Each structure stands twice: as C-alpha cells, then as structure tokens.
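Scroll down for the structure; my scribbles are underneath it.
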Amino acid sequence: MKLFKDATPGTAEAVPAPDGGGAVHARGAYEVDEHMVSPQEVAQRYNVAVDWKNVGGSKGLTSQQVKELQAKHGLNQLTPPKSTPEIIKFLLQFTNPLMALLLVAGALTFMAYGIQTPRDKNNAILAAALIIVVTLTCIMSYLQERSAGNLMDSLKKMLPNKCTVIRDGHEQKVEALELVPGDLVRLYIGDRVPADIRIIETADLKVRIREVTECQSAEG
C-alpha cells in the first residue's frame with residue numbers, strides 16, 4: 001500500500017483564505033489545501049517523481065529535495081502549546097464572568113450576614129451555598145479541560161518511530177520525524193500512519209481508528 005504524505009503536522013490557526021477560495025491558511029505556518037486537490041496536483045506541486053501506472057516503481061523525492069523541504073518545513077512532529085502551570089489553569093476557571101458574579105454575590109451576602117443585627121442565618125447559608133457551587137463547578141470545568149489537554153499526549157504516543165518511504169527510487173526506513181511534504185510512504189500490515197497522507201494506491205485497506213474517534217474500524 002503506497003500513500004502520499006501531503007502535509008507536515010504542526011500547530012497552526014486555520015483561517016479562511018483571503019481570496020474567498022477553498023484553501024485554508026494556517027496563520028504563521030503554511031497554507032493547507034493539499035486535501036482538496038488531486039494527488040497528481042500535489043505531486044506536481046512538490047516535484048515528486050510518481051509513476052501513476054506503477055506506483056511501486058516510483059522514484060519519489062531525491063535526497064537533495066528532502067534536505068530542502070526539511071529546512072523549509074522542519075520536523076514532522078506535533079508542536080504543543082506553551083505549558084501553563086496546573087494551579088494557574090484551575091484559578092483561571094474562576095475568571096469566568098458567571099463564576100465571578102456568583103462569587104461576588106456570595107461575598108456580599110456573607111458581608112450582609114456579618115453586619116446585620118440580629119444576624120440572619122439564611123444569609124450565611126446562601127453565601128456558603130454560592131461559594132460551594134462555584135468551587136465545585138470550577139473543579140469540574142478544570143478536570144474537563146485537563147482531560148482535553150491530554151489529547152496531544154495521546155496523539156504523540158500514536159505516532160510511530162520509523163516508517164517506510166520511497167526516495168531516490170529505493171524503499172528505505174527513516175525516522176517518522178524526518179518525513180517531509182511530498183514523501184511517498186508505504187505502509188504494511190500493522191503499521192501506524194506517520195503523518196497526514198493522501199492514499200494513492202491500496203490493496204484490501206483496513207484502518208483502525210478507534211483511538212481517535214472511538215469507531216471500530218474503516219475498510220476500503
């Protein structure tokens with residue numbers, strides 16, 4: 001099974017193309033539209049030697065092309081966002097406008113309890129209830145955010161260390177980090193997909209995608 005690598009993963013903010021077209025611009029990184037065009041156009045864009053009648057006999061990229069693309073695009077790896085201390089992430093939950101409003105209401109209610117004569121226990125109960133609700137809500141929100149943040153680590157673990165590519169007309173094993181846009185990637189049974197790719201030739205393809213989408217499998 002031969003596949004076409006068409007984009008190097010990275011951290012980027014997708015924004016609409018300024019010309020109103022279908023391409024997606026990754027702000028501060030690269031323009032991403034390889035998934036919207038034909039494999040032939042992608043191959044032409046990266047000047048890849050592909051024999052469309054016999055993909056297995058393709059020459060792929062040359063060593064010089066690989067060096068130039070690595071210098072331009074960098075390593076094939078996920079770039080995590082800047083790390084924020086967990087305590088800061090938790091405290092930021094209290095800056096939510098609704099949470100802040102409830103905290104202020106709880107504080108004012110508690111102050112009213114303190115200055116009243118005689119003191120009304122209902123104000124103390126209400127103030128405590130507001131503070132407890134806000135705290136529990138922020139804890140739950142923090143835990144959900146933390147769970148979503150672990151997705152990046154899960155994706156990193158799914159990426160293989162090595163993969164098989166066709167370069168200079170030969171099949172060779174390389175580090176997955178060294179893949180570049182335009183690489184011809186060959187996958188065998190049990191291999192993990194090393195990057196965003198375009199499938200150009202398959203034989204009884206079966207992909208397990210449960211780790212990402214919780215679906216059982218996809219066949220083609």
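The shown structure was predicted, so the numbers you read here are calculated from the model rather than taken from an experiment.
Closest approach of Glu171 to Thr164, counting heavy atoms only: CG-CG2, 3.2 Å. Nearest heavy atoms, Ile199 versus Thr202: CG2-CG2, 2.9 Å. Taking every heavy atom of both residues into account, Ile166 and Gly56 meet most closely at CD1-O, 4.3 Å. Residue Arg198 comes nearest to Val42 through the heavy atom pair NH1-CG2, 4.3 Å, listed as atom of the first residue, atom of the second, then distance. Taking every heavy atom of both residues into account, Thr84 and Lys89 meet most closely at O-CE, 3.2 Å. Between Ser58 and Ala49, the closest heavy-atom pair is CB-O, 3.5 Å.
When hydrophobic clusters are built by joining Ile, Leu, Val, Met, Phe, Trp and Tyr residues whose side-chain heavy atoms come closer than 4.5 Å, directly or via intermediates, Phe90 is grouped together with Ile88. Both Met99 and Leu103 are part of a single hydrophobic cluster, where members link through side-chain heavy atoms under 4.5 Å apart.
In this structure, a donor-acceptor pair under 3.5 Å is absent between the side chains of Tyr46 and Gln65.
For the side-chain contact (heavy atoms from CB on, under 4.5 Å) with Val165, the qualifying choice from Leu179, Val66, Val180 is Leu179, the only one to do so.
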Give the C-alpha distance, both sets of side-chain angles, the deciding distance and a yes or no for salt bridge (charged side-chain N to carboxylate O under 4.0 Å, His left out) between Lys59 and Asp168. CA-CA 5 Å; Lys59 293 184 177 180; Asp168 295 315; over 6 Å; no
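Contact annotation: the side chain of Leu130 never approaches that of Val133 to less than 4.5 Å [non-hydrogen atoms, C-beta and beyond]. Proximity of Leu69 to Leu61: side-chain heavy atoms (C-beta onward) are separated by under 4.5 Å at one or more points. Asp183 has its side chain within reach of Arg167: a pair of non-hydrogen atoms, C-beta onward, lies under 4.5 Å apart. Side chains of Asn96 and Cys138 form no contact here, defined as non-hydrogen atoms less than 4.5 Å apart.
We find the NZ-NZ distance between Lys173 and Lys162 to be 8.5 Å, quoted to the nearest 0.5 Å. Taken from CG in Leu91 to CD in Glu86, the straight-line distance is 11.5 Å, to the nearest 0.5 Å. Separating the CG atom in Leu102 from the CD1 atom in Ile132 is a distance of 13.5 Å, to the nearest 0.5 Å. Rounded to the nearest 0.5 angstrom, Met140 CE and Tyr142 OH are separated by 15.0 Å.
Using cut-offs of 30° and 60° for the angle between ring planes, the Phe110 and Tyr113 rings count as tilted.
With respect to the salt-bridge test (charged N to carboxylate O, under 4.0 angstrom), the residues Glu68 and Lys72 do not qualify.
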